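Numbered from 1 within each chain, the chains take letters A, B, ... in sequence-line order. Keep in mind the model is a prediction, meaning the values are calculated, not measured.
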Amino acid sequence: MPELPEVETVRRGLQPVMEGARIVRVEQRRADLRFVFPADFASRLEGRQIISLGRRAKYLIADLDDGMVLVSHLGMSGSFRIEADGEGTLRPGAFHHERSKDDKHDHVVLHVEGPAGKARVIYNDPRRFGYMDLMARAALVEHAWFRSLGVEPTGNSLNATGLAGQLAGKKSPLKAALLDQRIIAGLGNIYVCEAMWRAKLSPLKPAGGLVTSTGRPRKQLELLTQAIRDVIDEAIAAGGSSLRDHIRTDGTLGYFQHGFSVYDREGKACPRPGCGDTVRRIVQSGRSTFYCPRCQKH
DNA sequence: CTGCGAACCTGTTAGC
DNA sequence: TGCTAACAGGTTCGCA
């Protein structure tokens, strides 16, 4: 489900309920997700106040009032939903107010009380590729999950000159390089396909081919950089994408999927005016790549 | 170091 | 309708 825009959408949905709230009770319903939960996970969270809710790449990071951070990754199928607890003061309309049926994949329930009222923040994850951990804020940047992450594809962090340094000499296909979280942190299969289509670049092209012999970004790399920014910004503005089940914290579906140009469109017409070719699906590093063989140049 | 396949786990969908 | 196979947003590990 979640690439950076989806995780950012989740963060924005959770923020009003979690920031400034106290975690009064935690239900941890199994010993592990992808990894075993840290020792005393629930009891170490109980009683803590959440100072702020942030994001790095595809990780959500909740800063707690004791200097620890709750880190969570949604994997492929993780989602959070919010349910108002009792006659809470949560803004009407924004969240689920009915207690939904208990799902067998509801693995963690945070009971919170804060400025927005009382709520349950429920982590659901059928495939359990997601994970959570608790660590000292001061240790976060040196943690294995974070220390080698590349730049965020948002704001000013991503630029063609910096990317050129990362891609220079790389023989791996562009598709693989863009999925590498050590180069750009937060891109996933959908937005990589979309960005390459926008930049008219073949996913098979060697990544190093976008860099000159003196290490400068070629024009193609400038265009790709802008395409990545645009795709990510638009997806965030649209509230995250969905193939089938990306549920936002308010229970609605992301709708960027209506805007996909190539992703999951095998056999359909390339949407570029005048192209007339058909979107193709190939497998690279075990994952589907969708592209237009006519307008994405090698 | 690089690239690639497999693994993790469950659910949905396409095809017969 | 029912069964099976393929495939799914991510990350990590092991092997060549």
Query raised in the report: What does C:dA5 pair with, Watson-Crick or G-U, if both distances are under 3.5 Å?
Result: B:dT13
Report summary line: By nearest-heavy-atom nucleotide on DNA chain C, the more 5' of A:Trp145 and A:Arg127 is A:Arg127
Would you kindly give the [atom1]-to-[atom2] distance between [X] and [N], to the nearest whole Å?
{"X": "A:Ile282", "N": "B:dG5", "atom1": "CD1", "atom2": "P", "answer": "12 Å"}
{"X": "A:Arg182", "N": "C:dT11", "atom1": "CZ", "atom2": "P", "answer": "12 Å"}
{"X": "A:Tyr59", "N": "C:dG9", "atom1": "OH", "atom2": "P", "answer": "18 Å"}
{"X": "A:Tyr191", "N": "C:dA8", "atom1": "OH", "atom2": "C1'", "answer": "15 Å"}
{"X": "A:Arg128", "N": "C:dG10", "atom1": "CZ", "atom2": "C1'", "answer": "16 Å"}
{"X": "A:Ile190", "N": "C:dA8", "atom1": "CD1", "atom2": "P", "answer": "11 Å"}
{"X": "A:Phe260", "N": "C:dG9", "atom1": "CZ", "atom2": "C1'", "answer": "9 Å"}
{"X": "A:Asp180", "N": "B:dC1", "atom1": "CG", "atom2": "P", "answer": "13 Å"}

[N] phosphate, OP1 or OP2, under 4.0 Å from [X] side-chain N/O:
{"X": "A:Ser288", "N": "C:dA8", "result": "yes"}
{"X": "A:Tyr263", "N": "C:dG9", "result": "yes"}
{"X": "A:Ser172", "N": "B:dG3", "result": "yes"}
{"X": "A:His105", "N": "B:dG11", "result": "yes"}
{"X": "A:Arg287", "N": "C:dG9", "result": "yes"}
{"X": "A:Lys104", "N": "B:dG11", "result": "yes"}
{"X": "A:Lys58", "N": "C:dT11", "result": "yes"}

Query raised in the report: Does any non-hydrogen side-chain atom of A:Asp133 lie less than 4.5 Å from one of A:Phe35?
Result: no
Residue [X], side-chain atoms from C-beta onward, closest of [options]:
{"X": "A:Pro126", "options": "C:dA8, B:dG11, C:dG10", "result": "B:dG11"}
{"X": "A:His73", "options": "B:dG3, C:dA8, C:dG10", "result": "C:dG10"}
{"X": "A:Arg281", "options": "C:dT11, B:dG11, C:dC7", "result": "C:dC7"}
{"X": "A:Glu3", "options": "C:dC7, C:dG10, C:dT12", "result": "C:dG10"}
{"X": "A:Pro173", "options": "B:dC4, C:dA8, C:dT11", "result": "B:dC4"}

Query raised in the report: For the rings on A:Tyr59 and A:Phe146, is their centre-to-centre separation under 6.0 Å?
Result: yes
Report task. Determine whether the aromatic ring centres of A:Trp197 and A:Phe260 lie less than 6.0 Å apart. Result -> no
Sticking with atom [atom1], work out how far [N] lies from [M], rounded to a whole angstrom.
{"N": "C:dG9", "M": "B:dA14", "atom1": "P", "answer": "15 Å"}
{"N": "B:dT12", "M": "C:dT11", "atom1": "P", "answer": "23 Å"}
{"N": "C:dT12", "M": "B:dG11", "atom1": "C1'", "answer": "23 Å"}

Requested in this report: Compare the ring of A:Phe129 with the six-membered ring in the base of C:dT11 and state whether they stack (centres under 5.5 Å, planes under 30°).
Outcome: no
Report task. Tell me yes or no: between the side chains of A:Thr289 and A:Gln284, is some donor less than 3.5 Å from an acceptor? Result -> yes
Query raised in the report: Within the distance-only criterion (no hydrogens, no angle test), does the side chain of A:Asp65 pair as donor or acceptor with the backbone N or O of A:Gln49 below 3.5 angstrom?
Result: yes
Report task. Check whether any side-chain N or O of A:Lys205 sits under 3.5 Å from a backbone N or O of A:Gln296 as a donor-acceptor pair, and report yes or no. Result -> no
Report task. Give A:Gln284 one of three labels, base, sugar-phosphate or nothing, depending on what nucleic acid heavy atoms sit under 4.0 Å from its own. Result -> nothing
**Report entry** Neighbour count >12 (heavy atoms, 6.0 Å) for atom CZ, A:Arg29
**Finding:** yes
Query raised in the report: Is there a donor and acceptor pair closer than 3.5 Å between the side chain of A:Arg34 and the base of C:dT11?
Result: yes
